Amino acid sequence: MKKRQMAKDRRQIEKRWQDYWDEIKLFEPDLKNPKHKYYCLMMFPYPSAALHIGHMRNYILGDAFARYKITQGFNLLTPMGWDAFGLPAENAAIKNNIHPAESTAENIATMKKQLCQWGVGYAWSKEINSSFPEYYKWTQWLFLQLYKNGLAYRKKAEVNFCPSCQTVLANEQVIEGKCERCGTIIEQKYLKQWFLKITAYAPKLLNDLDLLNRWPERVKTMQRNWIGRSEGDEITFTVNSSNQKPKFVKVFTTRSDTLFGCTYLALSIKHAIITNYKLQITNYKKVEGYIKQVKARNVSKYNNPDKEKTGIEIKGIKAINPVNNEQIPIWITDYVLMEYGTGAIMAVPAHDQRDLEFAQKYNLPIKKVIQPTVNSQQSTVNSLPRTENRQAYEEEGILVNSGEYNGLNSQEAKKKISANLQKKGLAEKKVIYRLRDWLISRQRYWGSPIPIIYCPKCGTLPVSEKDLPVLLPKDTEFKPRGESPLKRNKNFLRIACPKCKGAAEREIDTMDTFIDSSWYYLRYLSPEDKNKAFDSKLANQWLPVDQYIGGVEHAILHLLYSRFITKFLYDLKLVNFQEPFLSLFTQGMVIKDGLKMSKSKGNVIYPDALIEKYGADAVRLYILFIAPPDKDVEWNSKGVEGMWRFLKKVEKITKGERGKGKGEREEKRTEKDLRRKIHQTIKKVNEDMERLHFNTAISSIMELVNQASSYKPQATSLKEKSETCSLQLEACKTILLLLAPFAPHFCEELWQNTLKNKESVFKHSRLKHNPQFIEQEIVLLIVQVNGKLRAKIETERNIEEKKLRKIILNDERLKKWLSKPIKKFISVPNRIVNIVI
RNA sequence: GCCGGGAUGGCGGAAUUGGUAGACGCCUGGGACUUAAAAUCCCAUGUCCUUUAUGGGCGUGUCGGUUCGAGUCCGACUCCCGGCACCA
C-alpha cells in the first residue's frame, strides 16, 4: 500500500476511535465515587491561535499519563478549561479589531479541535471558562472573602507600570525589569491600587515547601528565593535632636555582630526622617535637591545597571550607636530600598561590600570589627588606606574592637548583643521577607471587575454577595489608556450606594487574571453550581490534585498564588488541605533555533503537516520518545519517520505477517527468552510510567518489539506449536497494552479489530510482571582482571564460587591474563568477577 | 555574589544500590530485493593501533582522591542553563 494511502487510512481510524472514546465516556469520572480517585490536572491554557508542536508536547504528556492512570483502574478526573481573561486575549483582539469575547471563543474552538485530533482526552463535561460570568462571579466572591478578612486592601504605593500594556503589574510579573507579557521596560508610578496580603502567609508558604516532596527542587528553590526570608534584629538608633518625635531611626540587620563597625546610617530617599526633622536639618535645600535628582533619574528602579551609589549627608542631626554611644552621621542614599526592612540600614563599611564602596567614595571611616578565624585565608580590610580598592570581609569570624564582646565568634556575639539591646528596649528580633503584597488591580478591560463601590458619603463598600456577579459590560471601548476603559462606560460606573442610596461609583479596575487561575482546580468539581464557588465536600474528597503538570514559567506566579489561596480557604475552613498540588511535574519547552518555540519569535512548527503524513500516533510517539519530558528539546522533524517504521513493525507482528526479507536474522531465541523479555518490559514500563519517563518506556517497548519480531518458533509437535503461537500472541498483547497510552488510536484499532477484543484497550487491567519469569537459569558473567574486561562467560545461576573459580582458571581466553599469582578474587553473584593479580 | 540544575558518539538520548559505557531511535556508509525508484530487510557505525583474531590501547567537561572496580561516591576547578540580586 502506498504510504500516503496508509496515512489517510490511519487518520480515518483515528477519528473513529476518538468518537468511540467519547461514546464510552472514557474520560468522564464518577465524582460521587471518590474511593479510588485520581486527579490529574494540566495547567489550563490561555486560548491562543493554532497550537504548535510545543503546545502539543504539553498536552500529549498529560494525556499519556492520564491514559496510564485509566489502565490502572483509577476513577480519573482530568478536566480542561480556559484561562480566558487577560492581556494576551485582549491584545490580540485589539490587533485584529474584534471583541476579545469573540476571538477567545474562536480560539477555544480551534484548540479543542486540535486537541481532539491529537487524541487528547479530557472530562469535557467539567469544562470551565474564566471569562464567563458563571465563573467570574465566584472569582469576585473570592475577592470579597479576602476583603472581609482584611486580606484585600487599597493603598497608594510605588507600583510597576508597563507603558506598553498601559497597566500596573504585580512584582511577580516583572522579569528583569521588563513586562512579563510584552518585554517593555517597567516604570515606577505612585498610584492607589488594590493589593492582596499574601505576605501574611509568607512563613507558611515558605515552611510548607518542605512538605512538597514530590515537587521539583528547582521550583521550590525559586519560591524560596522569591519569598526570601531573613532573620535579624531591628535596632534603634536615637537621634540627637532635642524635642523631635520620633527620637530615633530603626534599622534592620542580620549582622548585629558588626554593630561596633557601624560608622554611619544610610537611609532611603523616601525615609520619613526628611520630613520629620525638616527644621533641624541645616542643609535641607540641598537634601531636597538631591532627592529630586534621584527620583528623576529613577523612572525605573531597574535601569541603573552601573549601580554607582550616591548620597548626601544630612547635616544638623546625628544618630547614636546604641552599643557604644558614638555619634555617627546620617546619610540619604540611593542604594537603600524603602520597601525592604525599615528603609534604613546601619552601614558597616569594613564588612559589607556596598557600604565599603560608598564609604570609600565619600571618605567615611572604615572600622574593622570582625577578624577571620585562624583557618580562614580571606584577607581583611584594614582601616587604612581607604583609597585602595579592597574587598569587604563579609564572612563571620571573631570580634575585635567591640568592647566587652571582643573574642566572641559572630554567632555568640549576635545573640549577646541582641539580648543586651533588647533589655534596654533598643532592639527587637525580627524575621523579614522579601515577598511583597500581590498587586491585583489592572487598568484593562478584559478581566473580572473588582466588586467594590465608592460612595462619597459612606466610603469604600464591598458589593453584596447577592449582587454578584458585577458584569463586565460588553459594549465598552476597550483600548488601553493607562486608566481602566470601564471609566468611560457610565452605565457601569454610576451606581446607587447600597447603604445610603446616593450617587456612587463602581471600582473601575479589573482583577489580575492570576486570581482566576488561583482557584480554578476547585471549580472543575462542580462547574455548574449556581450557589457556591465550589463544593467543599467534593473538594475534600478529590483534592489535593494528585498530579499537576505544567510549564516551569509559572513556578513563582501561578504556583505561589494558588498555594496562598488554598491556605486562605483552609483558614476559612472551606477546604481541609493546605496545599493544592501534591505532585508537580514541570515539562520542558520545545526549542527551535535555540529559542523557545513561539509565534512572536517566528520559529513555530505546526504538527498538522506531520500528522497529515504520519498520523497523530506517530507524532505523539516521537514527541514522547525524543527526550525526557522534563527537559527542553531542540525540535527536529526527521525522527518521526522512525516512529512510523516502528508502528508498521508492530502492526506486522500483530497481524502475524512475517518479514519478506530473505536474510532474516538467525535467532536462537527460546520461548523462555521471549517470555522473560515480556515480563522485563512490563516491569520496566510500569516503573517508568510512574515517574513520567516516557522516553525510556517507549525504548524498552521497542526492544520487546524487536525481539518478538525476530522470534522464530522452533516447534516440532503440534502441542508445542500452539504453545509458541500463544506466546507470540502474548507478546503482541503486551506490546499493545503497554503502548496504548502513547499511541492510543493505533493500539485500540489492533486490539479490537485485529485481536478481536470486545472491550477498549484502556479497559484492560494493567499488566503486572511475574518475577518468576524474569529470573534466568543461565547468566552472562563478566570476568575482569585488574578491573579490565577480559571475558564474558555463561554460567548457571547462583553458581558456587569454587566451581566458578575452576571454570575461569581453565578458560583459554583468560590464561594469558592470569599468568601471575592471584591476590584477590571478588565475585558479585550472577554479575561480575574481578580477579586481582 | 547567593541558590538550584546540568556537561556521555555525527545527533536526540540509555545505564537499578558503584559492577559489560553508548540501550533505543535518528543520521551516514555498504549490501540484498527491484528494469528503476520507493518501501522492506541485512550488515557496519566512539576513537586509535596492528587489520591475523575469539586482539589490544584510550575514552562519560578538567585535575586529584576513595575502591578490587567510578559516568555514578568524595575534594578542587572550568563551562553551560535557570532563579534571585544595592534585600542590609
Side-chain angles (χ1 to χ4, degrees), chain A residues 1-3 6 175-176 216-230 232 251-255 258 266 301-302 304 307-309 333-337 339-348 352-355 357-358 394 432-435 552-553 555-556 621-622 625-628 630-636 638-643 645-646 648-649 652 659-666 684 687 693 695-703 705-706 780-792 812-813 816 823-828 831-837:
Chain A
M1 213 188 304
K2 285 279 178 300
K3 190 173 180 177
M6 278 175 77
I175 313 292
E176 289 179 341
E217 208 46 53
R218 187 162 59 134
V219 174
K220 289 196 276 185
T221 306
M222 285 190 213
Q223 292 210 357
R224 281 192 193 106
N225 285 345
W226 189 258
I227 297 167
R229 182 182 191 272
S230 290
V251 303
F252 175 75
T253 181
T254 55
R255 292 296 302 272
T258 64
K301 65 177 168 185
Y302 302 99
N304 187 12
K307 286 174 185 168
E308 169 79 34
K309 298 164 185 53
T333 73
D334 62 354
Y335 79 96
V336 175
L337 306 173
E339 303 85 55
Y340 188 77
T342 60
I345 62 158
M346 57 175 230
V348 185
D352 183 288
Q353 192 59 33
R354 296 155 300 181
D355 297 341
E357 284 165 21
F358 191 82
E394 295 185 328
I432 288 206
Y433 296 91
R434 213 190 64 94
L435 184 69
V552 76
E553 67 272 18
I556 302 174
L621 211 48
Y622 179 60
F625 177 73
I626 189 173
D630 52 341
K631 268 187 74 178
D632 290 352
V633 60
E634 168 79 32
W635 182 258
N636 176 357
K638 260 185 179 168
V640 186
E641 187 81 34
M643 300 302 121
R645 285 201 277 264
F646 166 68
K648 267 204 285 194
K649 213 168 177 180
K652 226 160 81 176
K660 274 181 248 165
K662 275 181 187 166
E664 231 174 82
R665 202 203 304 239
E666 284 290 317
K684 169 88 172 121
E687 284 165 2
H693 286 195
N695 57 327
T696 49
I698 293 168
S699 69
S700 55
I701 298 171
M702 284 172 170
E703 284 182 52
V705 171
N706 289 345
L780 189 69
L781 206 73
I782 304 306
V783 183
Q784 293 181 334
V785 178
N786 284 347
K788 291 206 165 151
L789 174 73
R790 295 304 179 197
K792 301 171 188 178
E812 279 302 316
R813 291 169 299 177
K816 65 171 164 175
K823 275 192 197 158
K824 235 177 183 180
F825 188 92
I826 297 138
S827 170
V828 182
R831 197 164 253 169
I832 202 162
V833 169
N834 193 9
I835 302 162
V836 188
I837 58 167

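We name chains A, B, ... by the order of the sequence lines, and we start the count at 1 in each one. This structure is a prediction, so every number in the text was calculated from the model and none was measured.
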Colleague: Check for a donor-acceptor pair, side chain of Arg255(A) on one end and backbone N or O of Glu394(A) on the other, with a separation under 3.5 Å.
Modeller: yes
Colleague: Given the P atoms of C24(B) and A44(B), what is the spacing between them in whole Å?
Modeller: 12 Å
Colleague: List for me each residue that meets side-chain hydrogen bond (donor to acceptor under 3.5 Å, both in side chains) alongside Thr254(A), sequence neighbours excluded, and say none if there are none.
Modeller: none
Colleague: Please identify each residue that fulfils side-chain hydrogen bond (donor to acceptor under 3.5 Å, both in side chains) with Lys220(A), with sequence neighbours left out.
Modeller: none
Colleague: For the pair made of CZ in Arg224(A) and P in A85(B), what is the distance, rounded to whole Å?
Modeller: 17 Å
Colleague: Which one, G57(B), G82(B), C86(B), comes nearest to the side chain of Met222(A)?
Modeller: G82(B)
Colleague: Please tell me which of Thr253(A) and Asn786(A) maps to the more 5' nucleotide of RNA chain B, matching each residue to the nucleotide holding its nearest heavy atom.
Modeller: Asn786(A)
Colleague: Is any side-chain nitrogen or oxygen of Arg434(A) closer than 4.0 Å to OP1 or OP2 of C84(B)?
Modeller: no
Colleague: Take nucleotides 47-54 of chain B nucleotide by nucleotide from the 5' end and write B, S or -, depending on whether a protein heavy atom sits under 4.0 Å from the base, only from the sugar-phosphate, or from neither.
Modeller: --------
Colleague: Partners of Ile556(A) by side-chain contact (heavy atoms from CB on, under 4.5 Å), sequence neighbours excluded?
Modeller: Glu172(A), Met222(A), Trp226(A), Leu560(A)
Colleague: To the nearest Å, give me how far apart CG (Asn225(A)) and P (G83(B)) are.
Modeller: 11 Å
Colleague: On the side chain of Lys824(A), is there an atom forming a donor-acceptor pair with the base of C68(B) - under 3.5 Å, no angle test?
Modeller: no
Colleague: Measuring to OP1 and OP2 of A39(B), would you say a side-chain N or O of Lys648(A) lies under 4.0 angstrom away?
Modeller: no
Colleague: Given atom CG of Asp632(A) and atom P of C80(B), what is their separation to the nearest angstrom?
Modeller: 17 Å
Colleague: Write down the distance separating the P atoms in G59(B) and G5(B), rounded off to the nearest Å.
Modeller: 29 Å
Colleague: Looking only at non-hydrogen atoms, find the nearest pair between Phe252(A) and Gly341(A) and report the distance.
Modeller: CB-CA, 4.3 Å
Colleague: For Tyr622(A), give me all partners under ring pair (Phe, Tyr, Trp, His ring centres under 6.0 Å), at least two apart in sequence or on another chain.
Modeller: Trp635(A)
Colleague: Does Asp355(A) have any salt bridge (charged side-chain N to carboxylate O under 4.0 Å, His left out) partners at least two apart in sequence or in another chain, and if so, which?
Modeller: none
Colleague: Using the test ring pair (Phe, Tyr, Trp, His ring centres under 6.0 Å), find all partners of Phe358(A) that sit at least two apart in sequence or belong to another chain.
Modeller: Tyr264(A), Trp331(A), Tyr335(A), Tyr362(A)
Colleague: Dot-bracket, 5' to 3', for RNA chain B please: Watson-Crick or G-U pairs under 3.5 Å, [ ] where pairs cross earlier ones, | where the partner sits on another strand, dots elsewhere.
Modeller: (((((((..(((......[....))).(((((.......))))).((((.....))))..(((((..]....))))))))))))....
Colleague: Taking NZ from Lys788(A) and C1' from G59(B), how many angstroms apart are they, rounded to a whole number?
Modeller: 12 Å
Colleague: Which residues pass the side-chain hydrogen bond (donor to acceptor under 3.5 Å, both in side chains) test with Arg790(A), not counting sequence neighbours?
Modeller: none
Colleague: Taking C48(B) as the reference, what is the distance to C41(B) when you measure between their C1' atoms (whole Å, please)?
Modeller: 33 Å
Colleague: For Asp355(A) and A88(B), give me the distance from atom CG to atom P, rounded to whole Å.
Modeller: 12 Å
Colleague: With C1' as the reference atom in both, quote the distance from C74(B) to G18(B) in angstrom, rounded to an integer.
Modeller: 13 Å
Colleague: What's the gap between G46(B) and G22(B) when it is taken at their P atoms, as a whole Å value?
Modeller: 10 Å
Colleague: RNA chain B: Lys684(A) or Glu217(A), which has the more 5' nearest nucleotide?
Modeller: Glu217(A)
Colleague: Separation of Arg255(A) atom CZ from A88(B) atom C1', in whole Å?
Modeller: 11 Å
Colleague: Determine if the base of G9(B) is syn or anti; take syn to mean the glycosidic torsion is within 90° of 0.
Modeller: syn
Colleague: If we take the P atom in both C33(B) and A37(B), what is their distance in whole Å?
Modeller: 12 Å
Colleague: Ignoring the backbone of Tyr340(A), work out which of A88(B), C84(B), U40(B) is nearest its side chain.
Modeller: A88(B)
Colleague: Could you give the distance separating U67(B) and C3(B) at their C1' atoms, to the nearest angstrom?
Modeller: 33 Å
Colleague: Side chains of Asn834(A) and Lys824(A): donor-acceptor distance under 3.5 Å anywhere?
Modeller: no
Colleague: Look at all strands and tell whether Val251(A) reaches a base, only sugar-phosphate, or nothing, counting heavy atoms closer than 4.0 Å.
Modeller: nothing
Colleague: Between Glu339(A) and Arg434(A), does any NZ, NE, NH1 or NH2 come within less than 4.0 Å of an OD or OE carboxylate oxygen?
Modeller: no
Colleague: Could you check whether any side-chain N or O of Glu357(A) sits under 3.5 Å from a backbone N or O of Lys309(A), counting only pairs where one atom can act as donor and the other as acceptor?
Modeller: no
Colleague: side-chain contact (heavy atoms from CB on, under 4.5 Å) with Ile782(A): which residues, sequence neighbours excluded?
Modeller: Gln784(A), Leu789(A), Lys792(A), Ile832(A)
Colleague: Phe646(A) CZ to C41(B) P: how many Å, rounded?
Modeller: 13 Å
Colleague: May I ask you to say what Arg790(A) touches in the nucleic acid, namely base, sugar-phosphate or nothing, with a heavy-atom cut-off under 4.0 Å?
Modeller: sugar-phosphate
Colleague: Among G13(B), U40(B), A88(B), find the nucleotide with the atom closest to the side chain of Lys652(A).
Modeller: U40(B)
Colleague: For Pro628(A), report the nucleic acid contact type (base, sugar-phosphate, nothing); a contact means any heavy atom under 4.0 Å.
Modeller: sugar-phosphate
Colleague: Can you list everything that forms a side-chain hydrogen bond (donor to acceptor under 3.5 Å, both in side chains) with Ser700(A)? Sequence neighbours excluded, please.
Modeller: none
Colleague: Using the C1' atom as the point on both nucleotides, what is the distance between G65(B) and U72(B), in whole Å?
Modeller: 15 Å
Colleague: Does Lys631(A) make a side-chain N or O approach to OP1 or OP2 of G13(B) shorter than 4.0 Å?
Modeller: yes
Colleague: Strictly under 3.5 Å: I want the nitrogen or oxygen pairs between protein and nucleotides 17-26 of chain B, one per line.
Modeller:
| unit_1 | atom_1 | unit_2 | atom_2 | d |
| --- | --- | --- | --- | --- |
| U17(B) | O4 | Arg831(A) | NH1 | 2.6 |
| U20(B) | O2 | Lys792(A) | NZ | 3.0 |
| A23(B) | O2' | Glu703(A) | OE2 | 2.9 |
| G25(B) | OP1 | Asn706(A) | ND2 | 3.3 |
| C26(B) | OP1 | Arg645(A) | NE | 3.1 |
| C26(B) | OP1 | Arg645(A) | NH2 | 2.7 |

Colleague: With sugar-phosphate meaning primed atoms plus P, OP1 and OP2, does Lys220(A) contact a base, only sugar-phosphate, or nothing at under 4.0 Å between heavy atoms?
Modeller: nothing
Colleague: Of the options A85(B), A15(B), C3(B), whose atoms approach the side-chain atoms of Trp226(A) most closely?
Modeller: A85(B)
Colleague: To the nearest Å, give me how far apart CZ (Phe825(A)) and P (G69(B)) are.
Modeller: 16 Å
